[in-house]
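Working notes, beginning with the structure itself.
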2 protein chains.
Amino acid sequence: LEDAVDAGLSLPVIFKEPTITPTNEQVESMGLSKKLCSPNGYMRSKWNGFTISRDTIRIEGIETGYNKPVFFDRHAVGGEYNGKWGKVGKGLVKTYYFPDDESTNSVEISSHHLKDDNNVVVTYFNPLDNVEDMSHHFFSRCLKANITPYVVTKKTVFGWQEEFWQIMKDVFDKNYKEDFIKKDLLENCGDDLRHLISDAATMSLVSWSNFRGKDSGGFGMATHNYDGDMLSDELSQIYRSPGFITSCMVGKNNNSKNHIKLFEASHGTVTDMWNDHLNGKETSINPIGMVEGLMRALEYSNFLHSGDMNYHVIDNLRNVIYGSIKEGYGTRDLFGKYGLTTEEFIDHVAKRL
Amino acid sequence: LEDAVDAGLSLPVIFKEPTITPTNEQVESMGLSKKLCSPNGYMRSKWNGFTISRDTIRIEGIETGYNKPVFFDRHAVGGEYNGKWGKVGKGLVKTYYFPDDESTNSVEISSHHLKDDNNVVVTYFNPLDNVEDMSHHFFSRCLKANITPYVVTKKTVFGWQEEFWQIMKDVFDKNYKEDFIKKDLLENCGDDLRHLISDAATMSLVSWSNFRGKDSGGFGMATHNYDGDMLSDELSQIYRSPGFITSCMVGKNNNSKNHIKLFEASHGTVTDMWNDHLNGKETSINPIGMVEGLMRALEYSNFLHSGDMNYHVIDNLRNVIYGSIKEGYGTRDLFGKYGLTTEEFIDHVAKRL
């Protein structure tokens, strides 16, 4: 893994298939010596990942939950993902900050009295240095796609999230506000950047979709790490399926002005289907998210190489896959029980290439 | 507030209207001397609240997002709502547990190295003593309503949430499993209690609704505090509107075997509409959630008084309100632009009472 991550630093385009974080049962059934952590956190940290972008994939003629694009930027670091914890009884819990090392003066950050006999205590942190990079990435791509940006937090109750909003708002006001106003993209927001409470965002994803509205989609959301996990999965299901959402982690390359980009499918390993496959059962799911990840990786590579690559390969692949689906040759998550199995779909595409 | 909370302890039925946690602007515009915290946390703690139940309200003949009931139980305590935090730079953060007081030996719970110049650090705790009460409440009402129970956590990544699941699973296996199997309510779950990852739960709320499925609804979810906040709001929007969801905080009364119940609307103060109203604009939203809260409070009071109360008042009120809506007299969130304003709807109901 470390070699792969080092290679990613010098070659800033990565395509990754889903990885397995084994359950206790899998450790046994696969004969593993121990349970390693998910590689995602390690990659995000080494590649200075600041956002995971998750966007709707549009295939003309295929009905989806939103008529216009929906973009997501999920802060790639921080939140409960770096949480450490302990199980404790009644008593006192205190958190201290040591600016240098333990021997120097410490500052008390917080103190909790616990009354229950049985508690779990969690400490986590949100690093904020790269929120500015995330802001530029988010606002510039929303502007380019002509969609309205929203920043999602629970800052009215979780006071520590105010800072995330404030950084994004500052970047917006200084660099993007005028351009968004010129394009009439802030009309419903009082000509200002709009903040959405996270629980209200779960409702907006529904009410701004074809489920309720007419002029659906056409917005972007920038969120903290865990909220983005929840909300982008909700988005994927309302849109059509997790196979119709991209996932691209964007990181900062200290040796280059270009970003490091890790492309993957937004869904995981689809374990249930793999088990069905192993048991000889037919399975059927569209591979658009994964194929689109690969194609976008090639496109970004082409961009970094000033367009030297033979781009027609990608155009052709996309045309054939999308064309097949448009003509009704697709998997069962899209076309119900008369759809093709995953293998039949792949064979169909291969024949037409 | 303290008087009201004490009264709630002796009279275990409370109906509450939405409360305002003032913004900085409201502190000024309302001439407040200072900004008090939300009373919700205080009430939940004093009344030993263990769950907030949020269920779909059914009006026959009115089309909604689920054909069968959906129940929610959100752990009323714990999570980031009790989080305390600090803003810190590079350095080390450590959390300690003191079983007695600070003078005695402490145990280190966690340690984080921070590399960014700008971070926020958060410590919170989940008290677990009342999860058993919550489990009994949740499983018994799912069983009574013939719906399938799910427990929602992010325990595969947030290891500290394993305990919540384990307590619920133990209560289930010992007390409810057989009864659920007898009723064929665990058919799709391998005859066992099913765990749902929180981000997958955001998808299930969509895929188990009329938006995608046919035999929609018929399930319950028990969740941690913040997940329940997010998911129950998503539910309300998919179902129809926040006006169609109940909200009941259930607490433990140390002097009685009966629970303390606080009934309210699941939505807040609907600030935007209040501002429109102050500005002389017409507003229109259905008050079902709030009226249903009041009616259920009266019903619970009647139950505690062994049915002494005149129950017909409630039946009559419910019949008139639901009847009006069934006949097409309802607010604009239900009937679009030809619906009644809030005031017209209330007048209509008053005339028929």
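Just so we're on the same page: letters track the sequence lines, and every chain starts at 1.
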For this session: Specify whether Y150(A) and W208(A) have parallel, tilted or perpendicular ring planes, treating 30° as the upper limit for parallel and 60° as the lower limit for perpendicular.
Result: tilted
Problem set entry | Whether Y96(B) and F98(B) hold their rings parallel, tilted or perpendicular, with breakpoints at 30° and 60° | tilted
So which part of [X] gets closer than 4.5 Å to some heavy atom of chain B, the side chain, the backbone, both or neither?
{"X": "Y124(A)", "value": "both"}
{"X": "V93(A)", "value": "both"}
{"X": "Y226(A)", "value": "side chain"}

Among [options], which residue forms the greatest number of heavy-atom pairs with chain A at distances under 4.5 Å?
{"options": "T202(B), D233(B), L128(B), V122(B)", "result": "V122(B)"}
{"options": "G86(B), S236(B), G159(B), G65(B)", "result": "G159(B)"}
{"options": "S232(B), A200(B), S111(B)", "result": "S111(B)"}
{"options": "D129(B), I109(B), T95(B)", "result": "D129(B)"}

Exercise. Does CG belonging to N279(B) count more than 12 external heavy atoms closer than 6.0 Å?
Worked result: yes
For chain B, find which of [options] contributes the most heavy-atom pairs closer than 4.5 angstrom.
{"options": "N119(A), V120(A), V88(A), V121(A)", "value": "V120(A)"}
{"options": "T156(A), D117(A), T123(A), D229(A)", "value": "T123(A)"}
{"options": "D227(A), L231(A), L235(A), V107(A)", "value": "D227(A)"}
{"options": "F125(A), Y97(A), F164(A)", "value": "Y97(A)"}

For this session: May I ask you to check whether T153(A) and H195(A) show a side-chain donor-acceptor distance below 3.5 Å?
Result: yes
Between [X] and [Y], is there a donor-acceptor pair closer than 3.5 Å when you use the side chain of the first and the backbone of the second?
{"X": "T223(A)", "Y": "G228(A)", "value": "yes"}
{"X": "Q161(A)", "Y": "K154(A)", "value": "yes"}
{"X": "T56(B)", "Y": "V70(B)", "value": "yes"}

Exercise. Quick one: CD on E234(B) to CD1 on I238(A), what's the gap to the nearest 0.5 Å?
Worked result: 6.0 Å
Problem set entry | Separation between OG of S135(B) and CG of D170(B), rounded to the nearest 0.5 Å | 9.0 Å
Problem set entry | Those residues of residues 74-82 of chain A, ordered by number, that approach chain B below 4.5 Å (heavy atom to heavy atom) | E80(A), Y81(A), N82(A)
Exercise. Quick one: do D333(A) and R240(A) make a salt bridge, cutoff under 4.0 Å?
Worked result: no
Problem set entry | Side chains of D192(A) and K169(A) in contact at under 4.5 Å (non-hydrogen atoms) | yes
For this session: Let me see the working for K90(A) and D116(A) under salt bridge (Lys or Arg N to Asp or Glu O under 4.0 Å), right down to the final yes or no.
Result: CA-CA 6 Å; K90(A) 276 191 178 65; D116(A) 274 31; over 6 Å; no
Exercise. Quick one: what part of V157(B) sits under 4.5 Å from any heavy atom of chain A, side chain, backbone, both or neither?
Worked result: side chain
